[in-house]
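Worth saying up front: this structure is predicted, and the values here are computed from it rather than measured. First listed ligand is number 1; within each ligand, the first listed atom is number 1.
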Amino acid sequence: MAYIISEDAKDLLEDIKKFCDKEVREQSREFDKSGEWPAEIYKKAAELGYTALEVPEKYGGLGLSRVDIAALMEEMAKADAGFAVTISASGLGMKPVLIAGSEKQKEKVCNIVMEGGFSAFALTEPGAGSDAGSGRTVAVKDKDGYVLNGRKCFITNGGVADVYCITAMTDKEAGIKGISMFLVEKGTPGLSIGKDEDKMGIRCSNTCDVVLEDCRIPAENLIGEEGKGFKIAMQTLDQARTWMGCIATGIAQRAMEEAINYANQRVQFGKPIIKNQAIQFKIADMEIKVETARQMTVHSLTKMDMGLPFSMESAIAKCYASDIAMEVASDAIQIFGGYGYSREYPVEKFLRDAKIFQIFEGTNEIQRIVVASNMLNSRR
Ligand code: CAA
């Protein structure tokens with residue numbers, strides 16, 4: 001299915017396809033083996049503006065709708081999910097500022113990303129994953145600003161970002177209402193990069209601990225008001241989750257395409273295996289799932305674009321698309337048979353890449369909590 005997108009987005013989609021074919025898809029296996037963050041490729045992508053797709057027009061962006069961006073994001077995900085995650089995480093790192101920041105903060109963060117810099121969103125801590133409100137990072141206010149201490153973990157772009165949005169407690173007694181959100185720039189004394197995760201999939205994305213040791217920032221780096229950090233983080237994740245659904249859809253689409261190609265070529269019992277109804281049914285089921293996931297992401301993004309409530313739709317998109325990405329990748333391996341299990345062929349990587357989409361930006365169990373809470377509390 002083709003997305004219904006603007007003429008500008010169609011042109012950009014062609015450019016991104018060409019870029020991804022040349023720079024990402026071919027090298028994807030090498031990225032996967034080495035686990036390195038391919039800085040040169042990301043630099044090229046940034047120079048072409050691909051890392052700044054989510055910058056609003058007002059701050060120099062292209063003025064694409066979110067549905068336009070979804071088509072581009074899926075294309076990148078088809079080439080390499082880790083590549084798409086890196087691009088998407090740079091949008092994620094800007095969101096707290098775009099949601100609740102001052103004009104000055106918005107200009108600053110958007111400028112950094114427009115100039116090719118990366119952003120990161122740092123909420124998770126070793127003891128605060130699903131229970132995102134239980135973080136122990138603190139921000140103590142003094143006359144010059146805030147001093148941050150703590151450790152964030154599993155931060156996408158954590159080791160490569162130029163700017164971070166970080167949650168910290170400004171009032172330990174107030175629980176969730178004591179959490180605040182801060183802007184911290186790369187190079188701020190006291191900000192350092194910790195453990196770099198050696199991951200199962202999306203290996204060309206960067207996932208690191210971010211360490212704060214007496215990290216002093218000016219008072220103007222508070223995003224929104226003190227105590228509003230948890231809400232801003234939840235609103236950030238509400239938006240971000242659909243993008244994960246979009247990338248998961250891209251993984252599933254690519255897995256399906258590889259399976260169809262293989263089934264057309266692979267001859268057993270004197271005919272290509274695609275001639276078997278068992279294979280055709282599998283492929284039909286794949287398409288039904290992929291298309292449903294895509295439509296769910298488009299629906300969520302359309303609501304976002306229209307300024308309508310989308311928290312539940314975003315959770316559904318992320319949850320459904322990641323679940324079907326696992327199923328479709330697994331079925332693609334099944335169609336490839338023994339070859340599918342071999343690293344010589346591309347499909348086993350899709351299963352490894354897909355798994356994290358059921359986990360990050362809120363596990364799929366958390367997504368079900370979000371869906372249920374929206375249904376029961378009508379927070380829509
Ligand atoms: N929008 C606005 N406000 C919200 C909200 C939302 N979506 N969700 C909750 N809130 C508000 C509530 O209204 C409530 O405020 P009031 O008291 O003023 O009414 C407050 O936040 C607390 O809400 P809950 O009682 O529902 O909070 P909770 O502690 O039970 O947690 C949760 C809710 C949904 C489980 C939440 O903790 C959550 O989403 N957890 C998962 C965290 C997560 O997704 N982590 C991913 C990290 S980022 C990442 O993975 C990216 C990466 O780099 C890889």
Plane angle bin for Phe336 and Tyr262 - parallel if under 30°, tilted between 30 and 60°, otherwise perpendicular: parallel

Any Lys106 side-chain heavy atom under 4.5 Å of Lys58 side chain: no

Over 12 non-hydrogen atoms of neighbours within 6.0 angstrom of CD in Gln277: no

Where ligand 1 meets [X] - atom numbers and elements under 4.0 angstrom, heavy-atom basis:
| X | answer |
| --- | --- |
| Ala132 | 37 (O), 42 (C) |
| Leu237 | 43 (C), 44 (O), 48 (S) |
| Gly362 | 43 (C), 44 (O), 45 (N), 46 (C) |
| Thr156 | 52 (C), 53 (O), 54 (C) |
| Gly129 | 42 (C) |

[X] and [Y]: side chain donor to acceptor below 3.5 Å:
| X | Y | result |
| --- | --- | --- |
| Lys95 | Ser119 | no |
| Gln295 | Glu291 | yes |
| Tyr42 | Glu47 | no |

For [X] and ligand 1, answer yes if some heavy atom of the residue is under 4.0 Å from a ligand atom, otherwise no.
| X | result |
| --- | --- |
| Ser130 | yes |
| Ala120 | no |
| Ile176 | yes |

Please state which option from [options] has its nearest heavy atom closest to [atom].
| atom | options | result |
| --- | --- | --- |
| atom 38 (C) of ligand 1 | Glu125, Met234, Glu361 | Met234 |
| atom 1 (N) of ligand 1 | Ile202, Val85, Ile155, Asp238 | Asp238 |
| atom 15 (O) of ligand 1 | Gln239, Lys231, Gln367 | Lys231 |

Sub-6.0 Å ring centroid separation between Phe83 and Trp37: no

Proximity of Phe360 and Phe154 rings by center, below 6.0 Å: no

In one Ile/Leu/Val/Met/Phe/Trp/Tyr side-chain cluster, 4.5 Å: Val109, Leu92: yes

Between OG on residue Ser34 and CZ on residue Arg29, distance to nearest 0.5 Å: 13.0 Å

Region of Phe154 engaging ligand 1 - heavy atom pairs below 4.0 Å: backbone

Side chain, backbone, both or neither: Asn157 near ligand 1, heavy atoms under 4.0 Å: neither

Just distances here: any N/O of [X] and N/O of ligand 1 closer than 3.5 Å?
| X | answer |
| --- | --- |
| Thr124 | no |
| Arg241 | yes |
| Phe360 | no |

